[in-house]
Amino acid sequence: MADRSRAVHQVRRPRGMPVPEDFTFVEAPVPKPADGMALVENIYLSVDPYMRESMDELWELNVPLEGRSIGRVVDSRADGLAEGDLVFHRQAWRTHALVGKDDARVLPSVAGVPVSAYLGILGGTGLSAYVGLTEIARLREGESVFISAAAGGVGSSAGQLARLLGAGRVIGSTGSAAKVKHLVDDLGFDCAFDYHDGPVRDQLAAAAPDGIDVYFDNVGGDQLEAAFSALREHGRIAWCGAISQYNSTEPPPGPRNLFDIVDKSLRLEGFLVRDHLHRQGELEEFLVPHLQSGEVKVDETVVEGFDHVVDAFIGMLRGENVGKMIVRV
């Protein structure tokens, strides 16, 4: 095991898109676990869109940053955490972490499922998609679903889950022709389009001429406005994120057709996955057999090396990933 630990600190608040100079790498001796604690050597780190909002106010400057991570226990003085255990915890952006029993979950070994899936479709990413579709949007069999940022971590999970839940038509928007092809050919979307190719409202109308029943929103902005137009009466919107405005320096304009909510008796509900963690076991029970059979893909982009964690984060914000963006330490 290495005798030095590395971590990333945020050193200033960004204005607009983050840049590498907003961060610094800090080195220190590998810590020793006290009684009740275990030392974890991180293997996989997650970088996620919500972290961009955290940079503005929530994260303290000049301290190690939080985030989902998977690592191996290398030294333990904690009951329930044995050396060699693979654990999930929330001390990412660093090579080593000290965790207590209540801070870490020992991960099961599931044949045919890579452990990295617990940062993606079997983790908070997949749980966001599952909760959004089943509890917030209350998707019913045969309904049409539109998913924005569909080639990202949550979007690609939502598309595959919607198909398993019986959606009649699954439509996605994404940012390139290659991603459009990936959604349709690899992930089972019925239709997808590149939002750069023309007004989203027009492209969505062409993809769903009879309208949609559910919109799973990861973007906000003009895609939300387009969804209002396409939704049928009593349609539902599960609002998970608004990546189109995370880097905005000015407040974004609101959709111009908000009255459609009244006119069509629509329901829009935002949600945070942290309020639904009790459904994690349900998600795993539902998904694992489909992952093992290959019906559902572990869709991820893996960046190699801790030195590239900042690059991976900024690249994710720019849409350089397909599926979940993960760093292999």
Side-chain angles (χ1 to χ4, degrees), residues 43-54 66-70 88 90 92-93 113-134 136 145-164 170 172-176 178-180 182-183 186-189 192 195 215-220 223 238-244 246-247 271-274 276-277 279-280 283-284 286-287 290-291 296-304 308-309 311-328:
I43 300 172
Y44 291 106
L45 310 176
S46 175
V47 290
D48 298 282
Y50 81 86
M51 293 174 169
R52 174 60 189 86
E53 288 189 292
S54 298
E66 72 84 35
R68 303 180 182 106
S69 181
I70 292 171
F88 169 90
R90 295 198 64 92
W93 297 81
V113 179
V115 69
S116 59
Y118 286 93
L119 292 181
I121 197 164
L122 284 180
T125 298
L127 186 59
S128 295
Y130 184 68
V131 167
L133 291 170
T134 61
I136 309 302
V145 183
F146 171 47
I147 301 163
S148 56
V154 174
S156 61
S157 298
Q160 296 191 84
L161 282 164
R163 175 64 66 221
L164 290 179
V170 182
S173 67
T174 188
S176 72
K179 289 182 177 180
V180 167
H182 174 65
L183 292 176
D186 302 327
L187 300 187
F189 282 67
Y195 65 85
Y215 174 41
F216 193 107
D217 190 10
N218 295 301
V219 172
Q223 303 211 32
W239 199 348
C240 183
I243 198 168
S244 69
Y246 290 160
N247 295 306
F271 69 101
L272 296 171
V273 71
R274 69 188 183 202
H276 303 272
L277 299 180
R279 301 192 67 187
Q280 177 67 33
L283 170 71
E284 293 177 24
F286 177 66
L287 262 184
H290 298 291
L291 289 165
V296 172
K297 312 296 184 187
V298 177
D299 202 34
E300 60 187 20
T301 297
V302 180
V303 173
E304 298 287 347
H308 299 293
V309 62
D311 298 332
F313 173 62
I314 295 173
M316 176 272 303
L317 293 176
R318 291 175 174 161
E320 295 173 4
N321 55 302
V322 174
K324 181 75 185 72
M325 181 73 98
I326 294 173
V327 178
R328 181 157 38 211

Correct closest heavy-atom pair for F313 and R52 would be CZ-N, 3.9 Å
How far does CG of L272 sit from CG of L277, to the nearest 0.5 angstrom? 10.5 Å
Among all residues two or more places apart in sequence or in another chain, which pass the side-chain contact (heavy atoms from CB on, under 4.5 Å) test with R163? V170, D190
With A238, which residues qualify under side-chain contact (heavy atoms from CB on, under 4.5 Å), at least two apart? I136, A137, F216, F271
Ignoring hydrogens and geometry, is there a side-chain-to-backbone donor-acceptor pair from S69 to F88 under 3.5 Å? no
Show me the side-chain donor-acceptor pairs of residues 117-134 shorter than 3.5 Å, one per line, residues at least two apart or across chains.
residue, atom, partner, partner atom, Å
S128, OG, G124, O, 2.8
Y130, OH, E282, OE2, 2.6
T134, OG1, Y130, O, 2.7
T134, OG1, R279, NH1, 3.2
T134, OG1, R279, NH2, 3.4

Rounded to the nearest 0.5 Å, how far apart are CG of L187 and NZ of K179? 12.0 Å
For the CZ atom of R318 and the CG atom of D311, what is their distance to the nearest 0.5 Å? 9.0 Å
Looking at every heavy atom in both K297 and Q160, which two are closest together, and how far apart are they? N-OE1, 2.7 Å
Using the test side-chain contact (heavy atoms from CB on, under 4.5 Å), find all partners of S148 that sit at least two apart in sequence or belong to another chain. S173, Y215, D217, N218, V219, Q223
Side chains of H182 and D299, heavy atoms from C-beta outward: is any pair under 4.5 Å? yes
The reported gap from CD in E320 to OG1 in T301 (rounded to nearest 0.5 angstrom) is 10.0 Å
To the closest 0.5 Å, what do you measure between CG (L291) and CZ (F286)? 10.5 Å
Taking all non-hydrogen atoms of both residues into account, name the closest pair between G152 and S156 and its distance. O-OG, 2.7 Å
Flag side-chain contact, heavy atom, 4.5 Å: Y50 against R274: no
Only counting residues at least two apart or in another chain, list the ones meeting side-chain contact (heavy atoms from CB on, under 4.5 Å) with A312. V47, V303, M325, V327
Those residues that, when tested against D48, pass salt bridge (Lys or Arg N to Asp or Glu O under 4.0 Å) (two or more places apart): R68, K324
Taking it one step at a time, do E300 and Y44 satisfy side chain to side chain contact (heavy atoms under 4.5 Å, CB included)? CA-CA 12 Å; E300 60 187 20; Y44 291 106; over 6 Å; no
Rounded to the nearest 0.5 Å, the CG atom of L164 sits from the NE2 atom of H290 at a distance of 4.5 Å
